[in-house]
Amino acid sequence: MWSSFRCRRLDWPVAVLFSFILVGCAARPGPEVLTPVAASSGEKTLQIFVATTREREISSGNVFTANRANALNFAKFVVSVPLNHKSGNVEMPTASPDPRSSFAVVDQAVMSEADFRKAVAPQGATRQKKHKAFVFVHGFNNNFQESLFRLAQLQADIKIDGIPILFSWPSQGQVAAYEFTNNVKQQFRGQRHYGGSPQHGCHVDR
């Protein structure tokens, strides 16, 4: 659970953005869009870290289900931004992503908790005086893929001041499952542990 990654132990401020984005009738990206494709020349790439309570489909991969994991899973994605990107839009990839016209995953890696901590909260000589992280928490009507590309869009548009981290919880990604998703959220609230001053902790709430 998130309690195993206690925010009070991290000495960097965290900005938490809450997104309750309703997805329309357009086709929604499935897990196939998480398979890396070759980047085209000229596209900007963004590195996004992931901490999630979603269950992995297989232990060695970065496809996540709507089931709840027994412990936090960690990952890293590199997402390319299409040259035709318009601010405020998320050019979602199709089953066969084309980096020239949509956001696309060009690299990814499974991370251990130790690797994740080292990447987002470096210690010693590699640590900067001001070390920030930007934690994005998606809404109940979003699946993992949509949330990843939404964070990539935000990073591309507003040039996030800090390391972008997606915290993905096991929402069902559909309005009809709102009650189930709400119960999961309440369970998550009851199990997390936060502490410390505002400069040393983080808070996730509705």
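Atom set for the values below is all heavy atoms of this structure, side chains included, hydrogens, waters and symmetry mates excluded.
Summarising the geometry of V37 relative to A104, their closest heavy-atom pair is CG2-CB, 3.9 Å, with the distance given to 0.1 Å. Between P99 and S40, the closest heavy-atom pair is CB-OG, 4.0 Å. Pairing each heavy atom of V63 with each of P31, the nearest pair is CG1-CB, 3.6 Å. Annotation for N142 and R28: closest pair CA-NH2, 3.9 Å, computed over non-hydrogen atoms. The two residues N62 and A75 have their closest heavy-atom pair at OD1-CB, 3.3 Å. Contact between P29 and M92 at its shortest, heavy atoms only, is CG-SD, 3.9 Å.
Counting heavy atoms from C-beta outward, P170 and T53 have side chains that approach closer than 4.5 Å. Using a 4.5 Å cut-off on side-chain heavy atoms (C-beta onward), K86 and N84 make no contact.
Note that OG1 of T65 and CD of E55 are 4.5 Å apart. Values are rounded to the nearest 0.5 Å. Here CD of E43 is found 10.0 Å from OG1 of T45. Values are rounded to the nearest 0.5 Å. In this structure, CZ on F149 lies 9.0 Å from CZ on F103, to the nearest 0.5 angstrom. Residue L72 holds its CG atom at 11.0 Å from OG of S168, rounded to the nearest 0.5 Å. A distance of 12.0 Å separates NE2 of H85 from OG of S80, quoted to the nearest 0.5 Å. Rounding to the nearest 0.5 Å gives a distance of 6.5 Å between CG of L34 and CG of L148.
L83 and V78 are members of different hydrophobic clusters when ILVMFWY side chains are connected at heavy-atom separations under 4.5 Å.
Side-chain N/O atoms of R54 and S171 include a donor and acceptor closer than 3.5 Å.
Residue F167 forms a side chain to side chain contact (heavy atoms under 4.5 Å, CB included) with just one option from V135, T52, L151, V50, and that option is V135.
In terms of modelled atom types and a separation under 3.5 Å, the side chain of W169 and the main chain of H138 share a donor-acceptor contact. Under the 3.5 Å distance criterion, the side-chain polar atoms of Q145 are left unmatched by any main-chain donor or acceptor of V33. Between the side chain of D98 and the backbone N or O of R100 there is at least one donor-acceptor pair closer than 3.5 Å.
Remark: R56 CZ is packed, more than 12 non-hydrogen atoms of other residues, nucleotides or ligands lying under 6.0 Å away.
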